[in-house]
Amino acid sequence: MLKKMILSAAVIGLAACGAETTAAPQDTKTSTNEVTASKQDITTQELGNGFYMLLGPGGNIGVSVGEDGVFVIDDKFSRFADQIIGQIRGITDAPIRYVINTHYHGDHSGANAEMKETGAVVVAHDNVRKRMGMSFENKAFGRTVNAVDEALWPDLTYSENATFHFNGQTVEAIHTPSAHTDGDSILYFKEANILHMGDNFFLGLFPYIDVDGGGSLAGMIASHERALELVNDETKIIPGHGPLAVKDDLIKTHQMLKIIETRVSNEIKRGASLDDILKKDILADYAEFSSFIDKDNMVKIAHRSILKTQ
Ligand SMILES: [Zn+2]
């Protein structure tokens with residue numbers, strides 16, 4: 001039963017985040033040192049200060065290694081659990097102490113059960129646990145999102161923010177309300193100046209916004225504004241999907257989403273129907289950002305989100 005439920009979580013993640021189609025390419029612009037590149041699907045990129053980013057299918061994983069053990073952000077899919085743990089074991093034998101889920105999607109939390117089996121405590125915002133324990137309709141995809149097995153649910157949850165003191169780092173888990181979902185957190189490692197944005201940030205791609213899962217375009221834009229208060233030009237930013245980023249990448253993505261919001265809002269104000277807006281092809285100049293979410297899907301998501309939050 002557990003296996004079946006985990007698989008369904010993976011499928012949800014695949015649909016929700018476009019994980020298979022957004023396997024992150026290796027970064028060439030901002031990377032420091034490639035420690036592992038093999039024929040395996042999951043690869044590790046060293047970021048310095050005991051930090052690593054695990055790339056490959058599913059959401060990007062952040063790993064902090066130090067004297068207190070291992071702190072992991074997100075864990076992709078169940079079927080990659082052995083590879084993920086193998087990559088971490090290639091760095092250190094220290095125990096995996098915490099795994100934090102940036103949100104409930106199966107491509108970020110699918111290996112929770114296996115991570116718990118190693119002894120890790122899984123931590124997330126309250127709404128991550130709530131979403132994992134409920135079934136609800138995803139109208140954007142016309143399917144039911146089923147509850148997942150309890151073995152995947154976070155053991156420890158918080159209602160707003162949480163601060164970890166681990167590996168000499170002040171780690172701020174900051175809840176960003178109604179952004180990609182209703183349970184997102186961004187994780188800022190203050191001393192190392194590394195920020196994991198979860199799926200509030202897709203680099204080089206139109207973002208998926210899980211409106212049925214409590215997300216909104218306005219909240220996603222606000223999450224960027226919160227993140228931009230934390231970062232500087234030296235900050236290494238791990239997006240949910242896409243290669244390692246810097247502040248300027250986040251600013252450009254933020255600006256794009258604001259432009260999308262303005263264009264769709266203006267069309268709604270002048271009384272245009274969704275079909276009218278689609279016919280006008282108002283995101284033609286951003287066509288290069290089409291992947292799992294293409295420009296028409298982006299308009300549909302923005303339109304639905306704006307009408308819902310008006
Ligand atoms: Zn997601």
Side-chain angles (χ1 to χ4, degrees), residues 8-9 11-19 21-22 59 101-109 124-148 175-186 197-202 205-227 239-241 253-254 256-269 272-278 282-283 286 289-310:
S8 72
V11 170
I12 292 162
L14 178 66
C17 299
T21 54
T22 56
N101 295 147
T102 57
H103 62 294
Y104 80 95
H105 287 154
D107 60 333
H108 295 255
S109 61
H125 185 266
D126 288 344
N127 290 342
V128 172
R129 188 177 161 101
K130 275 186 201 159
R131 289 273 167 205
M132 285 187 178
M134 66 192 276
S135 297
F136 58 98
E137 291 305 309
N138 184 312
K139 290 175 186 155
F141 290 99
R143 69 175 70 183
T144 302
V145 178
N146 292 311
V148 298
H175 174 50
T176 54
S178 188
H180 175 62
T181 68
D182 61 5
D184 301 279
S185 298
I186 58 174
M197 289 283 291
D199 278 357
N200 287 331
F201 184 23
F202 286 58
L205 312 160
F206 283 130
Y208 173 59
I209 301 167
D210 185 354
V211 175
D212 298 295
S216 72
L217 177 56
M220 201 131 169
I221 290 169
S223 82
H224 294 171
E225 283 157 11
R226 182 72 185 90
H241 297 273
T253 302
H254 176 61
M256 177 178 77
L257 290 195
K258 281 176 73 172
I259 288 168
I260 292 170
E261 186 184 48
T262 302
R263 288 181 187 176
V264 176
S265 292
N266 285 345
E267 292 298 327
I268 292 171
K269 275 181 209 153
S273 69
L274 176 58
D275 280 347
D276 293 338
I277 304 172
L278 290 170
I282 60 173
L283 298 183
Y286 286 107
F289 289 86
S290 287
S291 64
F292 170 65
I293 303 296
D294 64 19
K295 57 190 167 64
D296 285 353
N297 282 328
M298 190 70 250
V299 168
K300 287 179 193 170
I301 289 169
H303 183 264
R304 189 149 168 259
S305 175
I306 291 164
L307 288 184
K308 205 173 171 183
T309 51
Q310 262 178 352

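- Checked against side chain to side chain contact (heavy atoms under 4.5 Å, CB included), Glu137 has the following partners two or more places apart in sequence or in another chain: Thr144.
- In this structure, CE on Met256 lies 7.0 Å from OH on Tyr286, to the nearest 0.5 angstrom.
- Checking side-chain atoms of Ser305 against main-chain N and O of Ile301 turns up no donor-acceptor pair under 3.5 Å.
- Here CD1 of Ile268 is found 10.5 Å from OG of Ser273. Values are rounded to the nearest 0.5 Å.
- Looking at heavy atoms from C-beta onward, Asp276 lies out of side-chain contact with Glu267 at the 4.5 angstrom threshold.
- Residues meeting the side chain to side chain contact (heavy atoms under 4.5 Å, CB included) test with Ala179, sequence neighbours left out: Thr176, Asp184, Asn200, Ser223.
- Environment of NZ in Lys258: sparse, with no more than 12 heavy atoms of neighbouring residues, nucleotides or ligands closer than 6.0 Å.
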Go through the steps for Asp199 and Tyr208 under the test side-chain contact (heavy atoms from CB on, under 4.5 Å), then give the verdict. CA-CA 8 Å; Asp199 278 357; Tyr208 173 59; over 6 Å; no
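- Across Leu274, Ile259, Ile282, Leu283, a single residue satisfies side-chain contact (heavy atoms from CB on, under 4.5 Å) together with Val264, and that is Ile282.
- Going from atom CG of Leu205 over to atom OG1 of Thr253 covers 9.0 Å, rounded to the nearest 0.5 Å.
- Atom-to-atom distance recorded for Thr102:OG1 and Phe201:CZ is 14.0 Å, nearest 0.5 angstrom.
- Across Ser185 and His125, no two heavy atoms sit closer than the pair OG-CB, 4.2 Å.
- Between Met298 and Pro207, the closest side-chain pair of non-hydrogen atoms falls below 4.5 Å.
- At a threshold of 4.5 Å between non-hydrogen side-chain atoms, the residues Lys130 and Tyr104 do not count as touching.
- Residues Val211 and Leu217 fail the side-chain proximity criterion, which asks for heavy atoms closer than 4.5 Å.
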Step by step, work out the side-chain contact (heavy atoms from CB on, under 4.5 Å) result for His180 and His105. CA-CA 10 Å; His180 175 62; His105 287 154; 3.0 Å; yes
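- Closest non-hydrogen pair, Ala302 versus Ile260, comes out as CB-CG2, 3.9 Å.
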Run the numbers on Ser291 and Phe206 for side-chain contact (heavy atoms from CB on, under 4.5 Å), then give the verdict. CA-CA 7 Å; Ser291 64; Phe206 283 130; over 6 Å; no
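- In this structure, Ser290 OG and Asn297 CG are separated by 8.5 Å, a value rounded to the nearest 0.5 Å.
- In terms of heavy atoms, Gly214 sits closest to Ser178 at O-OG, 2.8 Å.
- Between Leu307 and His303, the closest side-chain pair of non-hydrogen atoms falls below 4.5 Å.
- Closest non-hydrogen pair, Ala147 versus Gly133, comes out as CB-C, 3.6 Å.
- Exactly one of Arg304, Arg143, Arg131 qualifies for a salt bridge (Lys or Arg N to Asp or Glu O under 4.0 Å) with Asp212. That residue is Arg304.
- His108 is listed as a side-chain neighbour of His241, based on a closest heavy-atom distance under 4.5 Å.
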Working note: His103 + Asp210, criterion side-chain contact (heavy atoms from CB on, under 4.5 Å); need CA distance, chi angles, decisive distance, verdict. CA-CA 11 Å; His103 62 294; Asp210 185 354; over 6 Å; no
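- Legend: residues meeting salt bridge (Lys or Arg N to Asp or Glu O under 4.0 Å) with Lys300, ordered by chain and number and at least two apart, are absent.
- For Phe202 and Phe292, the ring centers sit 6.0 Å or farther from each other.
- Distance check, rounded to the nearest 0.5 Å: CE of Met220 to CD of Glu261 gives 12.5 Å.
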